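Lettering follows sequence order; numbering is per chain, from 1. All figures in this text were calculated on a predicted structure; none of them were measured in a lab.
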Amino acid sequence: MSELLAFDQVTAGYGDAVVLDRMSFSLEAGKSLAILGRNGVGKTTLLETLMGHTRVMSGSIRWNGQDITRMPSHRRARSGLGWVPQEREVFPSLTVEENLTVVATPGPWNLKRVYELFPRLQERRSNYGNQLSGGEQQMLAIGRALMTNPKLLLLDEPMEGLAPIIVEELALVVKLLCESEGLASVVVEQHPVLTLSMTHHAIVLERGQVVHAGHSQALAEDTHLLHGLLGVGQRPQPSRPSMDAPAGYTLLPQGA
Amino acid sequence: MGIVIFDGIAYGMLLFLIAVGLSVTMGLMSFVNLAHGAFAMIGGYAAVTAMNQFGLGFFPALVASFVAAALVGGVLEFTLYRRLYRAHPLDQVLLSIGLVFVSVAVFTYFFGPTIQAFSPPESLTGSMSLMGLEVGRYRLFLIVCGFAILAGLLLVLNRTRYGAMVRAAVDNQRVARGTGIHVQRLFFLTFAFGCGLAGLGGALSLGILGLEPSFALKYLIFFLIVVCVGGAGTIIGPFVAALLVGIVDVAGKYYLPELGAFLIYVFMVITLLVRPNGLIPRKGL
Ligand SMILES: Nc1ncnc2c1ncn2[C@@H]1O[C@H](COP(=O)(O)OP(=O)(O)OP(=O)(O)O)[C@@H](O)[C@H]1O
Ligand SMILES: [Mg+2]
């Protein structure tokens, strides 16, 4: 049971704004982790911090036996963090194929294997990044991360805005990568049911802190706890954005 | 009429050579580098020195101009520019305009305030007839150079992995870094290369514009117009814009001498009103 990734009391944010507040969690090699939480609790910021795009005020991040708290982003990516950003952010002025080859590093994943995994990308290989559908962009963003031959895949709301059939397909791919390739993932999602079914462990965030950590299956079965943590459970999740007040916001006037 | 367009194109090619580096660095690093013309000036003085002091021929002097400007560009990127990539544009403007004044002073000190003597090689003097037009050989050479460098740049940018990395970093720096692209090194190389091209343009301008220490300020506005009108971050954009600016400027001064100098500003304002992101904005903009 070796530790692959650990946040130790990490406080991070943008400029002077603190978003992650003394956050700690760890992940074993070969295990996938779900990161759950409502809108704006800091899920994306967690991944951005892991990739080195935020300002870390204190604490440390260990990855693969190394302290990477101050490591530049591109070296983190090359050391095996395969990042799939929330808005996909494929490169619009590169073709599908260039989006893949531009980040390629030697290893088991290459163009041929990515095309085997996502045949749709091969069909659209000469299209530019801005000529793709949402689902295709998501496949491309995942394919791009795979081309860096990662040791851990970081998926930020990979299912957001996709048709149900594509959601199932992608969930299958992520599970398959873990089971047959030993490539674990960190999956950020707002919708817990599917995510918990794809992962071994789960943490739930609230206002930049971990408020629950445990096995995914146990959390999935405890609908009461899930409801308490995320405001979901037996009832299906409404598709509109949550109307809850954002984190850190209070309805009482200051000084009341 | 034909000759006005021809001369305008030749002038435009010069503007293109000098400004294309500015377009790429402005698109890539969002750095408002007003000192770009100073690198052209370095190239010009390097070529003059190579020819007059070291007795090199014109063509080896062109190589020297590229190398000198690229070297100085690389050193300044490493020591000064990279500290201000995330700074406010006003800080960038202050730094780079400061560099312009420093360069003006330095070249005045070493070379004096007068225009440098330059005589093009035998093979590029005089004129020749081309499709019924008597055209200057030097200007024809400029046009050939311009097209060759345009083709080379397009090839590198669109067909090589290095080019794809540059485009990726122009598109989205954060994601480029986060997927393993060494953006800082890319900036360094691209900046130095862009300065080298400016230097080459500066050396080539010897036969047309006349080189003196105020060069970096005098033509700055033209380089900026080319980049704004063309669209920062592309190569075709500044190319088209440079040709148009060249033709409009030469034709304006030829046909409407009393208005001519203002015509390109009118041209710029109209183009930017119609196409605020430039003639050829980059994809995804
Ligand atoms: N670039 C930024 N600059 C400043 N503040 C930011 C930035 N990005 C996010 N934030 C703030 O940080 C907090 C956490 O945002 P984050 O995007 O990490 O949440 P999230 O859990 O990913 O939300 P969502 O489910 O909507 O994606 C929010 O209050 C947000 O306003
Ligand atoms: Mg998010």
Rounding to 0.5 Å, atoms CZ (B:Arg167) and CD (A:Glu98) come to a distance of 4.0 Å
Only heavy atoms, only distances under 4.5 angstrom. Which residues in residues 7-22 of chain A are near chain B? none
Quick check: closest heavy atoms across A:Leu94 and B:Ala168, and the distance to 0.1 Å? CD1-N, 3.6 Å
Based on non-hydrogen pairs under 4.5 Å, which of A:Pro85, A:Ser73, A:Gly129, A:Ser79 is most in contact with chain B? A:Ser73
Between B:Ile181 and A:His74, is there a side-chain heavy-atom distance shorter than 4.5 Å? no
Is A:Arg76 close to chain B through its backbone or its side chain, or both, or neither, when contacts mean heavy atoms under 4.5 Å? neither
Would you compute the distance between atom OG1 of B:Thr179 and atom CH2 of A:Trp83 and round it to the nearest 0.5 angstrom? 8.0 Å
What heavy-atom pair brings B:Gly178 and A:Ala77 nearest, and what distance separates the two atoms? O-CB, 3.4 Å
Contacts of A:Val174 meeting side chain to side chain contact (heavy atoms under 4.5 Å, CB included) (sequence neighbours excluded), chain-then-number -> A:Leu155, A:Ser185, A:Met198
Listed by chain and number, what are the salt bridge (charged side-chain N to carboxylate O under 4.0 Å, His left out) partners of A:Glu89, not counting sequence neighbours? B:Arg174
Do B:His182 and A:Arg78 touch side chain to side chain, with heavy atoms closer than 4.5 Å? yes
Name the region of A:Thr148, side chain, backbone, both or neither, that has any atom closer than 4.5 Å to a heavy atom of chain B. side chain
Sort by residue number and list every member of residues 158-166 of chain B having a non-hydrogen atom under 4.5 Å from chain A. B:Asn158, B:Arg161, B:Ala164, B:Met165
Between A:Pro150, A:Ala104, A:Ala145, which residue shows the highest count of heavy-atom pairs closer than 4.5 Å to chain B? A:Ala104
Evaluate B:Arg177 against A:Met51 for side chain to side chain contact (heavy atoms under 4.5 Å, CB included), listing each step before the verdict. CA-CA 9 Å; B:Arg177 284 179 215 278; A:Met51 290 316 299; over 6 Å; no
